[in-house]
Amino acid sequence: MKIRLFALAFLTALMMNAQETEAPKFGKGILNLVGKDSTWSMKVAARMQFLTIVDWDNQDGKYIDPQSEFKVRRARLKFEGFAYSPKLEYKLELGLSNDDISGASIYTKNAPRYILDAVVKWHFAKNLQLWFGQTKLPGNRERVISSGNMQFVDRSLLNSRFNIDRDMGIQLHHQFNLSNSFVVKEILAISQGEGRNITTGNIGGHQYTTRLELLPFGEFVGGGDYSGSDLKREETPKLALGVSYDYNNNAVKNRSNQGSYMTNDTGFFETNINTLFIDAMFKYNGFSFMGEYANRDAKDPYAKNSDDTLLLKDGEPVTVQVGNGLNLQAGYLFKTNWEVAGRYTNIAYDKTITGRDIENQYTLGVSKYIVGHKLKVQSDISYLDFGSNDKLMYRLQFDIHF
């Protein structure tokens, strides 16, 4: 509660100051400050997403009994700039909605998880950056794309089932040109391996993530390889290919650094978990396509007690969620800034191990971009086939970013 009051007071002070100075254009931040001696800068931004969801379950071939939900999906504050030198950048992002701060546990000192990103980025050599702090790991492309820059109302099932999200550690970023247009980007990360806002120290081993990206036709306009939809209307075809490999040594959660802790009779069950991502982004003249494949396996997917008996929860074995995921989506942006898009997602866990059926989701979306991703209305309808169960889901979301 205190941090929310502080954030409100801080924003009020900034807005009062903004009345006396020239504020940035809409979508460019609430306030952009630069020190008098140019040794620091700070851009302050805020954003909100308001979401409506309606679900219909299939009962005897009829979709009846709609259940609705209205909520603030995301409410965030972001501070970024440089300190001492433009070569030393920083970013701090706080989440204030219930969805943003949920997950309090003994592993977070029973405190809400306000901090999303708290990271410094040191440009210590040409095309080389060293990051330190808590931020997104270089996993699947869809996860690294900001939740404010998505093509649909929310990310796909592949992301929710397989992503490796944020963690605390260090990252090394490098890029170079193979030719005038062919760009290669590399990232190496070493992190704690248990997700964001963990305060109990490292329980298992460490997590190692590496990513390689190829952009054969050059950089996308405005960083469009990490933004949904072709809002820049690329004048020439642009393609980004990426592959990430993540190795979590002695992981103690059932989805690498995500999911539930595998607690047993003496503490935690530990096993090595590997995750592979392959993705692509293509854009040209309003058309966009993104595809992703994910695979997770484990040295021993069955959680066990100290005597090698299976660890059970509600009478069922506790297992690492091993399997594959596929997500394909494409859209076309009309000159009126209306977009239609379609998405297909398939989740195929290893049923022999996890006991979970194949999941398929088919989504059709319509979006109106008023000021790009900074002010937009998005809507989609999905058919979800979860083996013996299926349902329809309709979503409507309004985004505003200052």
>> Please determine whether side-chain contact (heavy atoms from CB on, under 4.5 Å) holds for the pair Ile198 and Met168, giving the CA-CA distance in whole Å, both sets of side-chain angles, and the decisive distance to 0.1 Å.
In response: CA-CA 8 Å; Ile198 299 299; Met168 181 72 185; over 6 Å; no
>> Show, in sequence, the C-alpha distance, side-chain angles and deciding distance for Lys71 and Asn98, and conclude whether the side-chain contact (heavy atoms from CB on, under 4.5 Å) test is met.
In response: CA-CA 9 Å; Lys71 63 179 178 180; Asn98 289 346; over 6 Å; no
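Counting non-hydrogen atoms of other residues, nucleotides and ligands closer than 6.0 Å to CG of Asp65 gives a total above 12.
Checked against Arg143 for a salt bridge (Lys or Arg N to Asp or Glu O under 4.0 Å), the options Asp154, Asp165, Asp246 give a single hit: Asp165. Each of Val243, Asn295, Asn140, Thr209 was checked for a side chain to side chain contact (heavy atoms under 4.5 Å, CB included) with Phe277, and the lone residue meeting it is Asn140.
Side-chain atoms of Asn248 come within 3.5 Å of backbone atoms of Gly193 as a donor-acceptor pair (strictly under, hydrogens ignored).
Ring geometry for Phe124 versus Trp122: interplanar angle of 30 to 60°, hence tilted. Classified by interplanar angle (parallel below 30°, tilted 30° to 60°, perpendicular above 60°), the ring pair Tyr362/Tyr383 is parallel.
The pair Glu89-Lys91 does not count as a salt bridge, with every side-chain nitrogen at least 4.0 angstrom from each carboxylate oxygen. Between Asp117 and Arg166 a salt bridge is recorded (basic side-chain N to carboxylate O distance below 4.0 Å). The residues Arg76 and Asp100 are annotated as salt-bridged, a charged nitrogen and a carboxylate oxygen being separated by less than 4.0 angstrom.
Between Phe82 and Tyr90, the distance from one ring center to the other does not fall under 6.0 angstrom.
When the ring-ring contact (aromatic ring centres under 6.0 Å, His included) test is applied to His206, no partner is found at least two apart in sequence or on another chain.
Here the closest heavy-atom approach between residue Lys391 and residue Trp56 is recorded as CB-O, 3.0 Å.
In summary, the side chains of Tyr302 and Asp300 do not present any donor paired with an acceptor at a separation below 3.5 Å, with no hydrogens or angles considered. Under 3.5 Å, the side chains of Arg73 and Gln49 contain no donor-acceptor pair of N or O atoms.
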